[in-house]
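Input: a single structure, listed below in structure tokens.
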Amino acid sequence: MRISTTMEEIKADEIHLRHVETDVLIPKMMREKAKEICVEKVEAFNHCCKDSGFLMVIKCREQNAALKECLTIHYKDPAFFEQCKQEYIKEKIEFLTTGVASKNRKQKLPTSM
């Protein structure tokens with residue numbers, strides 16, 4: 001049995017987040033977004049690792065430290081957590097109203113059938 005809901009009925013401040021959402025799913029979203037923000041440092045570290053092979057532990061310390069610093073700044077930022085939390089709540093509300101997960105909504109439909 002599906003309960004009929006509309007966007008007006010569900011408000012972001014009324015959404016209760018489960019423990020797994022606040023401790024796992026939102027931090028996962030934060031990690032993904034932080035990697036997008038720190039893309040230059042991620043690419044520099046990846047490039048160093050590919051070029052260094054087994055010696056990457058020694059040769060890529062500087063790039064690894066820069067990447068960690070960039071990511072940690074975002075992980076510890078309460079405003080960034082709140083931004084990701086609001087985005088998660090928005091996706092949750094859309095799922096509750098449409099029944100379609102955000103990852104499925106973003107897929108492109110085939111142009112020829």
Side-chain angles (χ1 to χ4, degrees):
M1 181 168 103
R2 181 158 158 54
I3 299 172
S4 172
T5 58
T6 63
M7 288 296 270
E8 295 81 31
E9 293 174 7
I10 302 173
K11 295 181 180 154
D13 57 346
E14 295 175 357
I15 293 289
H16 172 73
L17 295 176
R18 298 171 295 150
H19 170 72
V20 71
E21 292 172 314
T22 57
D23 293 347
V24 177
L25 298 176
I26 294 173
K28 178 182 176 187
M29 180 183 279
M30 290 175 70
R31 283 191 300 276
E32 291 168 357
K33 289 187 168 297
K35 284 181 185 175
E36 291 172 8
I37 294 169
C38 301
V39 69
E40 293 170 2
K41 307 234 182 325
V42 171
E43 288 176 358
F45 179 68
N46 288 341
H47 182 70
C48 180
C49 289
K50 287 177 185 174
D51 290 347
S52 302
F54 290 114
L55 299 174
M56 70 180 160
V57 175
I58 298 167
K59 289 187 174 184
C60 301
R61 285 182 181 164
E62 185 178 316
Q63 291 86 347
N64 188 28
L67 176 59
K68 279 184 180 178
E69 180 182 351
C70 183
L71 294 175
T72 302
I73 287 170
H74 295 290
Y75 295 159
K76 293 184 177 184
D77 182 6
F80 187 63
F81 176 83
E82 190 60 32
Q83 175 189 349
C84 291
K85 178 180 161 187
Q86 292 305 317
E87 186 175 329
Y88 179 83
I89 289 172
K90 181 181 173 192
E91 289 178 8
K92 183 174 182 172
I93 290 173
E94 287 181 29
F95 174 75
L96 291 173
T97 56
T98 64
V100 180
S102 65
K103 62 183 175 185
N104 294 337
R105 278 193 305 270
K106 293 177 184 174
Q107 291 178 349
K108 292 184 179 180
L109 295 174
T111 55
S112 61
M113 291 191 170

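Both backbone and side-chain heavy atoms feed into the values below; hydrogens, waters and symmetry mates do not.
For Val57, there are no side-chain contact (heavy atoms from CB on, under 4.5 Å) partners two or more places apart in sequence or in a different chain. Scored by the ring pair (Phe, Tyr, Trp, His ring centres under 6.0 Å) test, Phe80 finds His74 as partners (sequence neighbours excluded). Qualifying side-chain hydrogen bond (donor to acceptor under 3.5 Å, both in side chains) partners for Asp77, counting only residues two or more places apart in sequence or in other chains: none. Not counting sequence neighbours, the partners of Cys60 by the disulfide bond (SG atoms under 2.5 Å apart) test are Cys48. Residues meeting the salt bridge (charged side-chain N to carboxylate O under 4.0 Å, His left out) test with Lys33, sequence neighbours left out: Glu87. For the side-chain hydrogen bond (donor to acceptor under 3.5 Å, both in side chains) test, residues two or more places apart in sequence or in another chain that qualify with Lys92 are Glu21.
Membership of the apolar cluster around Leu71 extends to Val42, Phe45, Leu67, Tyr75, as traced through chained side-chain contacts below 4.5 Å between ILVMFWY residues. Leu55 forms part of no hydrophobic cluster, judged by ILVMFWY side-chain heavy-atom separations under 4.5 Å. Cluster note: Ile73 groups with no other residue, as no ILVMFWY side-chain heavy atom lies under 4.5 Å from it. Residue Val39 is found outside any hydrophobic cluster, as its side-chain heavy atoms come under 4.5 Å of no other Ile, Leu, Val, Met, Phe, Trp or Tyr.
If you take SG on Cys84 and CZ on Arg31, they are separated by 11.0 Å, rounding to the nearest 0.5 Å. With values rounded to the nearest 0.5 angstrom, Phe81 atom CZ is found 11.0 Å from Tyr88 atom OH.
Counting only residues at least two apart or in different chains, side chain to side chain donor-acceptor pair (under 3.5 Å) contacts with residues 39-55 comprise His47-Asp51. Residue pairs meeting the side chain to side chain donor-acceptor pair (under 3.5 Å) criterion with at least one partner in residues 54-69, sequence neighbours excluded, are absent.
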_With side chain to side chain contact (heavy atoms under 4.5 Å, CB included) as the criterion, how do Gln86 and Gln83 come out once you've worked through the C-alpha distance, each side chain's angles and the decisive distance to 0.1 Å?_
CA-CA 5 Å; Gln86 292 305 317; Gln83 175 189 349; over 6 Å; no
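Put simply, the side chain of Leu17 does not reach to within 4.5 Å of the side chain of Leu25, judged on heavy atoms.
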